[in-house]
Amino acid sequence: MKRVYMFFLALLGVLCLVKGAIALFNLDLTPIAAQSTAYNFGRTVGLVLSKLIFIAFGIIVIRKGYSIFRQEQLKLN
């Protein structure tokens, strides 16, 4: 059961990393002319942070899966 859990944790982590990286590189950061500078800055920061949070979540999930894998390996030895 733990192997299935580890597999899905690793898969979820990789998918989060890939989705976050692709979304980060495909951001449209052109300012909206009708809005203020503060609005455009806040929009840019919000877009970038949301993608970075997604990438960080992927890294955390992969580390959790790896720690479970290491515990299983230590039990076998």
Side-chain angles (χ1 to χ4, degrees):
M1 183 65 191
K2 284 210 176 198
R3 287 180 187 251
V4 174
Y5 182 63
M6 286 184 319
F7 173 75
F8 283 114
L9 273 180
L11 185 64
L12 178 67
V14 170
L15 288 176
C16 286
L17 278 175
V18 169
K19 183 188 179 315
I22 289 172
L24 193 60
F25 286 117
N26 288 334
L27 280 180
D28 181 22
L29 297 177
T30 55
I32 300 172
Q35 297 293 336
S36 67
T37 304
Y39 173 83
N40 284 324
F41 178 74
R43 178 178 163 267
T44 301
V45 169
L47 287 171
V48 170
L49 279 180
S50 67
K51 304 316 180 233
L52 290 178
I53 289 171
F54 219 90
I55 291 171
F57 178 73
I59 291 170
I60 290 169
V61 168
I62 288 173
R63 289 187 65 193
K64 178 66 176 172
Y66 182 71
S67 70
I68 292 172
F69 174 74
R70 290 297 300 159
Q71 288 174 359
E72 288 293 315
Q73 290 298 318
L74 291 175
K75 282 183 188 176
L76 293 176
N77 292 336

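- Within a 6.0 Å radius of CZ in R63, other residues, nucleotides and ligands contribute 12 heavy atoms or fewer.
- By the rule that hydrophobic residues join a cluster once side-chain heavy atoms approach within less than 4.5 Å of another member, V18 and L24 end up as members of one cluster.
- From K51, atom NZ reaches atom CG of L47 across 6.0 Å, with rounding to the nearest 0.5 Å.
- By the rule that hydrophobic residues join a cluster once side-chain heavy atoms approach within less than 4.5 Å of another member, I22 and L17 end up as members of one cluster.
- In this structure, L11 CG and C16 SG are separated by 9.5 Å, a value rounded to the nearest 0.5 Å.
- Taking the side-chain hydrogen bond (donor to acceptor under 3.5 Å, both in side chains) definition, one finds that T30 meets it with D28, sequence neighbours left out.
- Following chains of ILVMFWY side-chain contacts shorter than 4.5 Å, one cannot reach V48 starting from F41, and the two form parts of different hydrophobic clusters.
- Rounding to the nearest 0.5 angstrom, the gap separating the OH atom in Y66 from the CD atom in Q73 is 9.0 Å.
- Between the CD1 atom in I68 and the CG atom in L9 there is a gap of 5.5 Å [rounded to 0.5 Å].
- For the atom pair CG (L12) and CZ (F57), the distance works out to 5.0 Å, reported to the nearest 0.5 Å.
- Remark: T44 OG1 to Y39 OH distance equals 10.0 Å, nearest 0.5 Å.
- Closest heavy-atom contact between V14 and I62: N-CD1, 3.8 Å.
- Side-chain heavy atoms closer than 4.5 Å link hydrophobic residues (I, L, V, M, F, W, Y) into clusters, and following such links, possibly through other members, connects L15 to F7.
- Of all heavy-atom pairs between P31 and N40, the closest is CB-ND2, 3.6 Å.
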